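Note that the structure is a prediction, hence the values are computed from the model and not measured.
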Amino acid sequence: MTQQTSMLAAQRNLQSNAAQLAKLQDQAMTRKAFSRASEDPSGAADALRIRAQQRANDQHSRNIDNGLGWVTTLDSTLTAVNDLMKRVRDLTVQGANDGSLSSTAKEAIAVELDGLKDQLLGLANTQYLGRSVFAGNSSAGAAFNPDFSFTGTPGSTVDRRIGPDSTVRVDSDGLAVFGQGATSAFALIEGIAADLRGGTNIGTRLTAIDQSMNAIRTEHSAVGSRHAVIMRAEEAVMDKTVSFEAQRAGVEDIEISRIILDLKAQEITYQAALGVTARVLQPTLMDFLR
């Protein structure tokens, strides 16, 4: 065993201790189990997989927030539409009493019906974030034109992915709710006002009003069901968020109290190694003569 061999062995030992000390110091500062994939390939692979799941879950959460905005807008709008149609029905019943109403009273009812028609058209063109909630995937700003024609594509839908294998519709079928053209709810109200001014009995319009209200309630119920689906998905996403973060922390993070103890122990080991090396490799007279 030559002096040079002993020095090389001592050097390797000190370098190993110093490297371990540096690693523990880095872990103490970053509170991460590893900073490079080469330090723990298996752990790095697990961390990448978990982070990918977290990103997908975060996207589902954003989709759910957006979907909730759509269906909440629809819910409040359809509630207002239903209340408006109830008022239309009440006015129709009132206006059907031809014998007890003066022409002035009939005109007053007709004027109110005109206003309700305009309000209904405004509700049918309700938007969320600049998009009509009743026009499917159409980019048109309004679902219905002033002539009551529909601007959307029949059968098109707006969907949001709220889970790995699940999507939900967040818009509403404007045709199913309001109809279009001469068969629309707008034309129905307009026709009632015209009949009232023309002296025609409007009692026969009650059946059409009831059919329109049934269509509104049916769509409102469907929106409510989709709202419940999104709310359940929101709870599932929140649970996954907690679970994924716990998994990530288990792979990447370290317990600070444990790493501090390990760091102190390694510092003592390194200082001891320095002391032992200094005593073992004492300089000789030949070292000074070289």
Those residues at least two apart in sequence (or on a different chain) that pass side chain to side chain contact (heavy atoms under 4.5 Å, CB included) with Pro146 are none
Would Gln211 and Thr207 count as having a side-chain donor-acceptor pair, cut-off 3.5 Å?
-> no
With sequence neighbours left out, the residues meeting side chain to side chain contact (heavy atoms under 4.5 Å, CB included) with Met231 are Leu68, His227, Glu234
Heavy-atom pair of closest approach, residues Gly181 and Ala187 | O-CB, 3.3 Å
Which atoms form the tightest heavy-atom contact between Leu78 and Ile216, and what is the distance?
-> O-CG2, 4.2 Å
When you check the gap from the basic side-chain N to the acidic O, do Arg131 and Asp171 get nearer than 4.0 Å?
-> no
Minimum heavy-atom distance Leu120-Ala185, with the two atoms named | CD2-CB, 3.8 Å
Ignoring hydrogens and angles, state whether a donor on the side chain of Ser149 or Gln180 is under 3.5 Å from an acceptor on the partner side chain.
-> no
Can you name the closest pair of heavy atoms from Gln127 and Val133 and give their distance?
-> C-CG1, 4.3 Å
Does a side chain donor of either Asn137 or Thr157 reach within less than 3.5 Å of an acceptor in the other side chain?
-> no
Considering non-hydrogen atoms only, spot the tightest contact between Leu74 and Ser172 and give its length.
-> CD2-CB, 3.4 Å
Between CD1 on residue Ile209 and NZ on residue Lys86, distance to nearest 0.5 Å | 14.0 Å
Between CE on residue Met85 and CZ on residue Arg89, distance to nearest 0.5 Å | 10.0 Å
Are Asp195 and Asn201 close enough, and set up right, to give a side chain to side chain contact (heavy atoms under 4.5 Å, CB included), and what steps lead you there?
-> CA-CA 7 Å; Asp195 287 348; Asn201 181 16; over 6 Å; no
Set of ring pair (Phe, Tyr, Trp, His ring centres under 6.0 Å) partners for Phe148, sequence neighbours left out | Phe186
CD-NZ distance between Glu190 and Lys117, expressed to the nearest 0.5 angstrom = 4.5 Å
How far does CG of Asp83 sit from CG of Leu123, to the nearest 0.5 angstrom?
-> 10.0 Å
Check the pair Asn63 / Gln59 against side-chain hydrogen bond (donor to acceptor under 3.5 Å, both in side chains), numbers first and verdict last.
-> CA-CA 6 Å; Asn63 293 347; Gln59 183 61 57; 2.9 Å; yes
Going by atom types alone, do His220 and Asp75 pair a side-chain donor with an acceptor below 3.5 Å?
-> yes
Nearest-0.5 Å distance, OG1 of residue Thr200 to CD1 of residue Ile192 = 12.0 Å
Evaluate the criterion side chain to side chain contact (heavy atoms under 4.5 Å, CB included) for residue pair Val168 and Val170; output intermediate values, then yes/no.
-> CA-CA 6 Å; Val168 64; Val170 297; 4.2 Å; yes
Glu235 with Arg232: basic N within carboxylate O range, under 4.0 Å = no
Take Leu91 and Leu116 through the side chain to side chain contact (heavy atoms under 4.5 Å, CB included) test and state the conclusion after the steps.
-> CA-CA 11 Å; Leu91 290 173; Leu116 291 173; 3.6 Å; yes
Side chain of Ser221, backbone of Arg217: donor and acceptor closer than 3.5 Å?
-> no
Applying side chain to side chain contact (heavy atoms under 4.5 Å, CB included), name anything that partners Ala143, two or more places apart in sequence or on another chain.
-> Asn125, Ser132, Phe134, Ala135, Phe150
Tell me, with the steps shown, if Asn57 and Phe244 meet side chain to side chain contact (heavy atoms under 4.5 Å, CB included).
-> CA-CA 9 Å; Asn57 195 60; Phe244 288 149; 4.0 Å; yes
Under 3.5 Å: donor-acceptor pair, side chain of Ser243, backbone of Asp239 | no
Salt bridge between Asp114 and Arg197, side-chain N to carboxylate O under 4.0 Å?
-> yes
Which pairs, with at least one residue in residues 145-165 and sequence neighbours excluded, count as a salt bridge (Lys or Arg N to Asp or Glu O under 4.0 Å)?
-> none
Atom pair OG1/CG of Thr73 and Leu129 - distance to nearest 0.5 Å = 8.0 Å
Look only at the side chain of Thr72 and the backbone of Gly69, and say whether a donor-acceptor pair between them is shorter than 3.5 Å.
-> no
Of the non-hydrogen atoms in Val237 and Ser61, which two are nearest, and what is the gap between them?
-> CG1-CB, 3.7 Å
Asp58: side chain to side chain contact (heavy atoms under 4.5 Å, CB included) partners, not counting sequence neighbours | Arg62
So do Lys240 and His60 actually touch side chain to side chain, heavy atoms under 4.5 Å?
-> no
